[in-house]
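By convention here, the first residue in the shown sequence is residue 1. Because only heavy atoms are used, hydrogens play no part in the values below, and waters and symmetry mates are left out as well, while side chains stay in.
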Amino acid sequence: MLEHTSYAILPSEEGGTEEQVHEVGAVESVKWNGKVVEGTLTEGTFFLYLLNDQILRFSVHPFEKVSADSTLAVVEDEPVKDADFSESDAEFFLTYKNLQVTIKKKRLSITAQRNGKTAFQISGVSFNKDKKVFGTFEKDAKTPVYGLGEKSGFLNKNGEKITNWNTDVFTPHNKDTVELYQSIPFALIHDPGETTTGVFLDNSHRTGFDMQTFKDRVRISAEGGPLNTYIILGEDIKDTIRGYTTITGTTPLPPQWSLGYHQSRYSYRSEDEVREVAAAFEKYEIPLDCIYLDIHYMNDYRVFTFDKDRFPNADNLIKELNERGIDVVPIVDPGVKKDVEYPVYREGVSEKFFSTYIDGSIYCGAVWPGISAFPDFFQSRVQKWWGHLHGFYTEKGVRGIWNDMNEPSVFNESKTMDLDVMHNQDGKLISHREGHNLYGLYMSKATFEGLKELIPNTRPFSLTRAGYAGVQRYSAVWTGDNRSHWEHLEMSLPMIMNLGMSGVAFSGADVGGFASDCTPELLVRWTQVGAFLPYFRNHSVQDSIYQEPWAFNEETMRIVKKFIQLRYQFIPYLYTLFHEAEKSGVPVVRPLIMEYPEDKEAIDISDQFLLGRDVMVAPMLRPGQTHRSVYFPEGTWFDWWSGEEIDGDKYHLVYADLETIPVFVKAGTVLPVGDEVRNTKEQQRVRLIAFSNGDRDMRGQLYEDDHVTYNYQKGEYVLTDVVLSSYGEMKTNKQGDFESNLVVSDIKIIGK
């Protein structure tokens, strides 16, 4: 424990020897095959090609022939066929439409221009003796940086050093806790009013983005492998995210029940306790869509089992809850207990499904079940095996799975597997040093695809703690082991916004905080925030005080209930935003700078967010706080609660008592709002609330389908565009073939 004392800051020699790096040097030779530029360097090899007129890919490997392989993150990567290649004495040129890329011969550098304007320039590629590779690109010192996945601290990451290594972190997260559960090496460099550039370093080793060491440059790095980089040259932040999710995929439309309110604890330890929780929601008439089962439901923490003493009739329990409209989501960890009497372990050993050392011996490490083996999810056959095992749950009526401990977390000094464990990518062997950040992504793939096979034509719900770029294709993400600290409530907002700008549209934080003890006021304020975030779950650790809606007192329960009910009123709007996210890659929750990309006032706003384009939320983030400053972007806004009209392009001091969270809607918006229901399985009536835009039209959208199946992909949906004139005439335009059961009960115009 010495690292937690002053021993951790022993005197050091200030100004020690700088890290020695070596340049890859000049371009020695080049070959153009009509699609790809390939070449040799003084040290190593490279290639470069264009995916379209906005995206280029280049890869440099100082130590061996560079490969065109990409990680599982990438789903679309095809060079354009009609780019033009030319050269001069000093440079090579690759041109497609309005994009021109220049490669200098004397010392490798790459410049990308759009419409004759320089949008990106990598000025150097280097390496060190430990085979760490570096790339340096130009950036104005004040230009903000966003994205980079799940990171602590504020929204704008400029001036920071970010590293990516999936890590199980239970100690309190703070600004210095850089490495958390997700590794998404994608940065958005946004110069308001100028350019937005996305840099995706598709390398699964530990990677780094250094925006601190050099004032006018960013240095990216990887502790092994090539500098394999995609550059997206967007018109603005939204356009750049669309480009990134073209490469890595979008968030699929989730089942609507996964957007409702979810209740969890580590753990509800028996069938009786689960029934008591469900009964309390019904008694107090609080909406509920899902209850989670944490690790105590298992037989000594063996996955794919139920404890026969605590959960003797799990089938009946799940069936009973399903009949009441409540889904059950059990936790499934990757560690398989080393027990020769345990069928999952025996089959994994006999079929060679577990991760091994290079000599073939199985790697084992300690986790909840004790000494355990870990599936080698990198093999397709292991993914199928693991996915099929989930039939144990689906045959009981389960439609969602929660993956945890999949960094992978191991109870040892390194917190993970030995780095010389080998993984088999269907014939290609890689060490855990390279595969570590991918482990959670492959497990999410196995879980999601397994559930799709087991419950045909049913959208599964998958939740993961660990992942890599592209994880949005398979799982929702929660931000891990936060605490019942006001600072963690505040920090969750930029984390979720940056996850959204990193392709992950479906994310949230444990409402009330996971560890430590929640207070009534914190539970209220956190529930208010959770009601407007994509993923809405209350979860707490064993030995902490309970924090279910009724746990404190009647007043707290009444306010918490009010905001859980409000969540269900916003479900039609939220579901429509998830449809948009699947189609475009644009996230559900957005920072103000995304929708107002030229507004320099919005650059560093971390404590407000937009739900979609037109709903702005400005939470109360301190105990006892009833007033706060809120920035309103350009235009006219309306207070959701009072209907008061507010001028934009300025700050206002806003009041909100404990029963209120500041919420504002942009003038000209038509919001679809649902009535009160017990959960999403009930038919919901919808009313339209419009916010006056003077003498101009008001507009909105409503997406509908059957909420559960994939039939929407066959056209069985309806997307309704609503236009409401200033004098109340409504026009609609519908797309899709779904026969809607939705009832629009009334239309209300605010501000007129």
Measure from NZ or CZ of [X] to the centre of the six-membered ring of [Y], then state whether that distance is under 6.0 Å and the direction lies within 45° of the axis.
{"X": "R219", "Y": "F134", "answer": "yes"}
{"X": "K562", "Y": "W641", "answer": "yes"}
{"X": "R206", "Y": "W165", "answer": "yes"}

How many angstroms lie between atom [atom1] of [X] and atom [atom2] of [Y], to the nearest 0.5 angstrom?
{"X": "H579", "Y": "L574", "atom1": "NE2", "atom2": "CG", "answer": "13.5 Å"}
{"X": "Y146", "Y": "L155", "atom1": "OH", "atom2": "CG", "answer": "5.5 Å"}
{"X": "F609", "Y": "M594", "atom1": "CZ", "atom2": "CE", "answer": "13.5 Å"}
{"X": "D481", "Y": "Y181", "atom1": "CG", "atom2": "OH", "answer": "4.0 Å"}
{"X": "I220", "Y": "I162", "atom1": "CD1", "atom2": "CD1", "answer": "14.0 Å"}

Do I110 and V101 come close enough that some side-chain heavy atom pair is under 4.5 Å?
yes
With a 4.5 Å cut-off on side-chain heavy atoms, are L702 and P572 touching?
yes
Can you tell whether the side chains of [X] and [Y] come within less than 4.0 Å, N to carboxylate O?
{"X": "R699", "Y": "D721", "answer": "no"}
{"X": "E179", "Y": "K151", "answer": "no"}
{"X": "R114", "Y": "E235", "answer": "yes"}
{"X": "E580", "Y": "R590", "answer": "yes"}
{"X": "R628", "Y": "D607", "answer": "yes"}
{"X": "D216", "Y": "K139", "answer": "no"}

Parallel, tilted or perpendicular: which describes the rings of [X] and [Y], with under 30° parallel and over 60° perpendicular?
{"X": "Y535", "Y": "F506", "value": "perpendicular"}
{"X": "F570", "Y": "W640", "value": "tilted"}
{"X": "F536", "Y": "Y261", "value": "perpendicular"}

Over all heavy atoms of both residues, which pair between [X] and [Y] is shortest? Give the atoms and the distance, please.
{"X": "T245", "Y": "G585", "result": "OG1-CA, 3.4 Å"}
{"X": "Y230", "Y": "D202", "result": "CE1-CB, 4.0 Å"}
{"X": "Q528", "Y": "L658", "result": "NE2-O, 2.8 Å"}
{"X": "P534", "Y": "L259", "result": "O-CD2, 4.1 Å"}
{"X": "R217", "Y": "T136", "result": "CD-CG2, 3.5 Å"}
{"X": "E160", "Y": "N156", "result": "OE2-O, 3.8 Å"}

Apply side-chain hydrogen bond (donor to acceptor under 3.5 Å, both in side chains) to residues Y468 and N166 and explain how you reach the verdict.
CA-CA 9 Å; Y468 179 74; N166 289 356; over 6 Å; no
[Y] backbone acceptor or donor facing [X] side chain under 3.5 Å:
{"X": "R242", "Y": "G234", "value": "no"}
{"X": "N693", "Y": "T669", "value": "no"}
{"X": "S258", "Y": "P254", "value": "no"}
{"X": "N482", "Y": "A509", "value": "no"}
{"X": "T167", "Y": "V169", "value": "no"}
{"X": "T636", "Y": "I646", "value": "no"}
{"X": "D639", "Y": "E644", "value": "no"}
{"X": "H190", "Y": "P597", "value": "yes"}
{"X": "Y575", "Y": "L253", "value": "no"}
{"X": "N498", "Y": "G147", "value": "yes"}

Among T251, T250, T248, exactly one meets side chain to side chain donor-acceptor pair (under 3.5 Å) together with Q472. Which residue is that?
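Filter result, single survivor: T248.
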Q113: which of N98, T102, T118 passes side chain to side chain donor-acceptor pair (under 3.5 Å)
T118
Pair Y703 and F578, ring centroids less than 6.0 Å apart:
no
Centroid-centroid under 6.0 Å between F200 and Y244 rings:
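Centroid distance F200-Y244: below 6.0 Å, so yes.
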T464 and S475: CA distance, side-chain angles, deciding distance, side-chain hydrogen bond (donor to acceptor under 3.5 Å, both in side chains) verdict:
CA-CA 6 Å; T464 187; S475 286; 5.0 Å; no
Side-chain donor-acceptor pair present, [X], [Y], cut-off under 3.5 Å:
{"X": "T626", "Y": "D657", "answer": "no"}
{"X": "T479", "Y": "E150", "answer": "no"}
{"X": "Q54", "Y": "D239", "answer": "yes"}
{"X": "D77", "Y": "S70", "answer": "no"}

Answer yes or no: does atom [atom1] of [X] have more than 12 heavy-atom neighbours from other residues, nucleotides or ligands under 6.0 Å?
{"X": "E659", "atom1": "CD", "result": "yes"}
{"X": "R613", "atom1": "CZ", "result": "no"}
{"X": "Q625", "atom1": "CD", "result": "yes"}

Stepwise, does the side-chain contact (heavy atoms from CB on, under 4.5 Å) test hold for D599 with L592?
CA-CA 9 Å; D599 188 342; L592 273 60; over 6 Å; no
Evaluate the criterion ring-ring contact (aromatic ring centres under 6.0 Å, His included) for residue pair F120 and F137; output intermediate values, then yes/no.
CA-CA 7 Å; F120 176 81; F137 61 88; 5.3 Å; yes
For Y651 and E601: C-alpha separation, side-chain torsions, deciding distance, then whether side-chain hydrogen bond (donor to acceptor under 3.5 Å, both in side chains) applies.
CA-CA 10 Å; Y651 286 88; E601 201 66 46; 2.9 Å; yes
Could you walk me through whether R622 and E521 satisfy the salt bridge (charged side-chain N to carboxylate O under 4.0 Å, His left out) test, starting with their C-alpha distance in whole Å, then the side-chain angles of each, then the deciding distance to 0.1 Å, before giving a yes or no?
CA-CA 10 Å; R622 290 290 180 270; E521 184 184 8; over 6 Å; no
Using the side-chain contact (heavy atoms from CB on, under 4.5 Å) rule, take N164 and I184 through it: C-alpha gap first, then chi angles, then the decisive distance, then the call.
CA-CA 7 Å; N164 298 294; I184 305 180; 6.0 Å; no
side-chain hydrogen bond (donor to acceptor under 3.5 Å, both in side chains) between H173 and S152: does it pass, once the steps are laid out?
CA-CA 7 Å; H173 308 162; S152 56; over 6 Å; no
Tell me, with the steps shown, if V529 and L493 meet side-chain contact (heavy atoms from CB on, under 4.5 Å).
CA-CA 9 Å; V529 174; L493 305 183; 3.6 Å; yes
